[in-house]
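First comes the structure, then the notes that go with it.
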Amino acid sequence: MDYNFNEIEPKWQNYWRENGVYKVTNDTSKKHYYVLDMFPYPSGAGLHVGHPLGYIASDIYARYKRLNGFNVLHPMGYDSYGLPAEQYAIQTGQHPAITTEKNICRYREQLDKIGFSFDWDREVRTCDPQYYKWTQWTFIQLFNHYYDEESDKAMPIFHLVEKLKAEGKPLVDDKSWNEMSETQQQEYLMNYRLAYLADTAVNWCPELGTVLANDEVVNGLSVRGGYPVERKLMRQWSLRITAYSQRLVDGLEKVDYSDSLKEIQRNWIGRSEGAAVWFPIDAPASEVEKPVDLFMGQVNPKPATAFEIFTTRPDTIYGVTFMVLCPEHEMISQITTPEQKAEVEAYVSWAKNRSERERQAEVKKVSGVFTGSFAVNPLTEEKIPIWVSDYVLAGYGTGAIMAVPAHDSRDFAFAKHFGLPIRQVVAPSLEETSDPDTWTESMDAKVGVSVNSGFVTGMKVKDAMKAVIDKVEELGTGHRTVNYRLRDAIFSRQRYWGEPFPIYYKNGMPYTLPEHCLPLCLPEVKDFKPTPTGEPPLGHADKWAWNEKNCQVVENSKIDNVNVFPLELSTMPGFAGSSGYYLRYMDPRNDSEYFSKEAVSYWQNVDLYVGGSEHGTGHMMYARFWNKFLFDIGMAVTDEPFKKLINQGMIQGRSNFVYRSKNDSNLFISKNVPGREENTVPIHVDINIVDNDILDIAKFKEWRPEFKDARFELEDGKYVCGWEIEKMSKSMFNVQNPDDLVERYGADTLRLYEMFLGPVEQAKPWDTKGIEGVFRFIRKLWKLYIGDNDELKVEEGEASKEAKKIINQAIKKVSDDIERFSFNTSVSTFMITVNELTAAKCSKREVLEPLVVLVAPFAPHIAEELWHRMGHDGTVCDAQWPVCDESLLVEDTFTYPVSFNGKMRFTIELPANVSQDEAFAAVKAHEVGQKWLDGKEPKKVIFVPKKIINIVI
RNA sequence: GCUCUGGUGGUGGAAUGGUAGACACGAGGGACUUAAAAUCCCUUGACCGCAAGGUCGUGUGGGUUCAAGUCCCACCCGGAGUACCA
């Protein structure tokens, strides 16, 4: 009888569920291993075949580890807060909680059919109050901590207060801490808290009615929806992830991520070493106001009458011919001369009103304006003009640069456009200088020697950099420094479907709810849109005020700003809930703590994390930051959350097309009919009515009413469709739903096929062409164990040497493959093994039993069935991973001389204890020649695999 | 532009520096069958040859090595990330 997956797969899925086979306990007596998938956002579209790819890979690894005696934590949950459910709610009025619940049910149903070994008792959902309680709790901790540079970790904010009290230094308006009002004190602390409220230039998306984080904006458009995004100054919550910049860079050394992902993260953090240099303003000091000093206790505070610039090329300081400020720079109005005032103001307002998209689109266009003022180069004491231009960004460095047109392409373009002088200060050698006015581009490379550069002239670029910084520090006009591109993460969203902030406002200042009052549950609202006054949707809630006295959420009408205060109206962004979920899985039902000390001490952190690389700069960065903070405050026990990361490649869709005649809209011409290309237009056709590019004509006619009367011009009696690789999407009718495949071929075939498709990490188009081959393998496997009359063919007794060798080769290969995450080659090995065992007519338990265990991680259903039929009571999940008997793999064949073309090639087997190097040396020393070649000298020695060499004489 | 990836048959893809193309799909041929499905067997990188066998072959050109798809240098072409980051 053939393998009946329709009956067997559900049977074992039920068995696993009913017997709690995948339930994991925190059994500290066993070796631990934590395999995690990035939990999905349950979208309305359901899963397509791309989603389970990573889940299958991690499931195989989890099962493999379990068979090797590990206690494996392998949980799953849902990232269930997010925009799509809310957008849907705005359109339909359907509460996001209902949509989300429905989608989760659908996801669960789909996941269950594939036979994963998830411990569903540990499921978490980010929108569950019992979960987001701890998201809110972490936020409160972030609010109550600051980054202490001295100990290089987060410390409670009261430590800072103590320090400020003790120092008694003037902080704001010449007042010391004790002299400041409470509001002033709170404002001051906002500069230090790891979660803080500040006026920030944010990415405002008018269409979505919310602000977005940097990683949620690409090319000036929102990632979700693709709407334009503007820069806007708003009072927003932010997370001070920048405090962890260095540790986020350093941590990459300790983790096992792909080089490309590490590179993506390094680029995103954008660490660059260089110097901060102060260029004094060439104007009376009295005309310049003193800015607020945020750099407490720095050795040489910047004088108020100087601009601080950041440069990675201090060696070029002798080539500075002007300075440029960003249009947002706060000192522009103070330094602009009356004559230039009108022009500068016009430029600044023009620059500020430009959208992000316009600015980015016109990067090549040079614009700017002279302020009329001058600064002094601290090394040359030269007077240089100060310009304003939007090619200098407010968000990076200090928003002011020293311009070296000869050695920076942007400065070069600016100087050329405005006719500013260009001075060469770096050249290949002292002799090889030229007139920069004749150049067509600047010399940006960091190679060569300094020229025309005072005391550094003749030094190599690297040495000159160091020498200039030393000099600058000696003169007290700047210092060595490191700059990061990373920006703080904006943490407010003007949205409904997210975690509420555990924050209320007293005198306009934020205060956190006491921890024992959590969770602060998301209130009901009448409307999911912003309020008419432009407030976030929570502004519609009637009961959204905080009674400080009895710690209760009360009606807004009771707000008196004495005992009852307004609550925060924004909610947290998507990444809030996903930043620390992996820790919660360790102890998911704990009511009194995020997770217990015991649980985290046992599981430590994630051993293997599998997910898409699209989360490289978003989720991965936030999660690492979140974990480092929890580590600092003694919650997490490791500095990095994920030891090893595998990025599964995206599965693209393979679209099919039919070709509609241009003259006759009811006529469809097959792909290879001559002249088809000129006379037709391609139309996407549902891939589910196409098989191997052959259109099912009957189904096509039913597919849509307009094709009811379709006529066809065929080739060889078939209609052949065209195809193209595109993104998998509903609108292109190329979405492959895993359920359909499970129904047709079974879960085991789907699992094996997804792995067989190619390396997990590689992006690849989905194509069902090869699935038949895998399906055939499953049936062959079955037939190896089960006869035509459903009887077990497995026999006791000793297997042949040949059969033992076959299975041991498989054990070795598959174990290696799984360790290297090369699952596609494992599937090939299974196919070879089954073919060979079938050919060898092997039916001994000694060989067939280990094979079931090898296959179990990949195809658990059939493995379980065969395991039971072979007379085992327990589940195959508790079997022992077989060990390879290497002695069976040693070749013992003899070699034969083969002659051709007048040359002789000998293949000679060497004793097992002779290494290749030794063998080669021996051959060179003619020993082999004496031994085997009747004293003839070998002309050429060729090594072929392992311990065999070829000798040509 | 910069950074990271990758380039192997008709297709997906195998190859710790060691017989390139495993395995699978597709294609062709055959067996079984009244027929079909299913199953099984053979062929399948290109070229030459009746054959034995030979020659050429991993984007291009060099190099290292007894030996290179694999390592090094330069270039060409895809894919991804990032982008006025000073």
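Residue numbers begin at 1 in each chain, while the letters A, B, ... track the order of the sequences.
- For the pair Arg751(A) and Tyr753(A), the NZ or CZ position fails the cation-pi test of under 6.0 Å to the six-membered ring centre and within 45 degrees of the ring normal.
- Contact annotation for Arg776(A): backbone-only contact, meaning every heavy-atom pair under 4.0 Å involves sugar-phosphate atoms and none involves a base.
- Centroid-to-centroid, the aromatic rings of Phe775(A) and Tyr745(A) come within less than 6.0 Å.
- Straight-line distance between the P atoms of U16(B) and G6(B): roughly 15 Å, to the nearest whole Å.
- Here G78(B) is in the anti range [glycosidic angle more than 90° from 0].
- Comparing the C1' positions of U64(B) and C4(B) gives a spacing of 26 Å, expressed to the nearest Å.
- Taking atom C1' on both nucleotides, A46(B) is separated from C41(B) by 26 Å, rounded to a whole Å.
- The P atoms of C73(B) and A20(B) are separated by 26 Å, rounded to the nearest whole Å.
- Among the nucleotides U3(B), A15(B), G12(B), the one closest to any side-chain atom of Phe756(A) is G12(B).
- Using a 4.0 Å heavy-atom criterion, one finds that Glu772(A) contacts no nucleic acid atom at all.
- Looking at Arg820(A) and Asp816(A), no side-chain N of the basic residue comes within less than 4.0 Å of a carboxylate O on the acidic one, giving no salt bridge.
- Residue whose closest nucleotide on RNA chain B sits further toward the 5' end, between Leu261(A) and Asn835(A): Leu261(A).
- Here the nucleotide nearest the side chain of Arg485(A), chosen from C84(B), U82(B), A14(B), is U82(B).
- Within 4.0 Å of Asp411(A), counting heavy atoms only, lies no atom of the nucleic acid at all.
- The aromatic rings of His615(A) and His619(A) sit perpendicular, their planes meeting at an angle over 60°, well past the 30° parallel limit.
- The residue Val404(A) sits apart from the nucleic acid: no heavy atom pair falls under 4.0 Å.
- Pair assignment for U58(B): none, as no Watson-Crick or G-U wobble contacts are both less than 3.5 Å.
- Minimum atom distance to the side chain of Lys769(A) is reached by C25(B), of the listed C25(B), U82(B), A24(B).
- Under the Watson-Crick and G-U wobble criteria, each requiring two contacts below 3.5 Å, nucleotide A80(B) is paired to U3(B).
- Across every strand in view, G9(B) sits unpaired, with no contact that passes the Watson-Crick or G-U test at under 3.5 angstrom.
- Ser272(A) comes within 4.0 angstrom of the backbone, heavy atoms only, and of no base.
- Heavy atoms of Ser828(A) sit under 4.0 angstrom from at least one base atom.
- Across the P atoms, U65(B) and C47(B) are found 36 Å apart, a figure rounded to whole Å.
- Across the P atoms, U70(B) and G57(B) are found 14 Å apart, a figure rounded to whole Å.
- Distances from the side chain of Met831(A) to the nucleotides A14(B), U5(B), C23(B) place C23(B) closest.
- Residue contacts shown for Leu393(A) include a base, since a base heavy atom lies under 4.0 Å away.
- Gln265(A) has no side-chain polar atom (N or O) that falls below the 4.0 Å cut-off from OP1 or OP2 of G81(B).
- The partner of U39(B) is A31(B), judged by Watson-Crick or G-U wobble contacts that both fall below 3.5 Å.
- The same atom, P, is picked in U60(B) and in U8(B); the two are 11 Å apart, to the nearest Å.
- Here the nucleotide nearest the side chain of Lys764(A), chosen from G13(B), A15(B), A86(B), is G13(B).
- For G49(B), there is no paired nucleotide, since no Watson-Crick or G-U wobble pair has both relevant distances below 3.5 Å.
- The residue among Gly770(A) and Arg779(A) whose nearest nucleotide of RNA chain B is located toward the 5' end is Gly770(A).
- Aromatic rings from Phe823(A) and Phe756(A) are positioned such that their centres are separated by 6.0 Å or more.
- Nucleic acid contact class of Lys780(A) (heavy atoms, under 4.0 Å, all strands): sugar-phosphate only.
- A donor-acceptor contact closer than 3.5 angstrom links the side chains of Ser367(A) and Tyr347(A).
- Side-chain contact, Tyr719(A) with Asp696(A): no donor N or O sits under 3.5 Å from an acceptor N or O.
- The aromatic rings of Tyr396(A) and Phe310(A) sit perpendicular, their planes meeting at an angle over 60°, well past the 30° parallel limit.
- Separation of the P atoms belonging to A74(B) and A24(B) is 41 Å when rounded to the nearest angstrom.
- Phosphate contact (OP1/OP2 of U16(B), side-chain N/O of Arg820(A), threshold under 4.0 Å): absent.
- Distances from the side chain of Ile832(A) to the nucleotides A22(B), A15(B), A86(B) place A22(B) closest.
- Base pairing of C66(B) is made with G18(B), judged by Watson-Crick or G-U wobble geometry with both donor-acceptor distances under 3.5 Å.
- Judged by Watson-Crick or G-U wobble contacts below 3.5 Å, the nucleotide G26(B) has U44(B) as its partner.
- When heavy atoms are screened at a 4.0 angstrom cut-off, Pro765(A) is found touching no nucleic acid atom at all.
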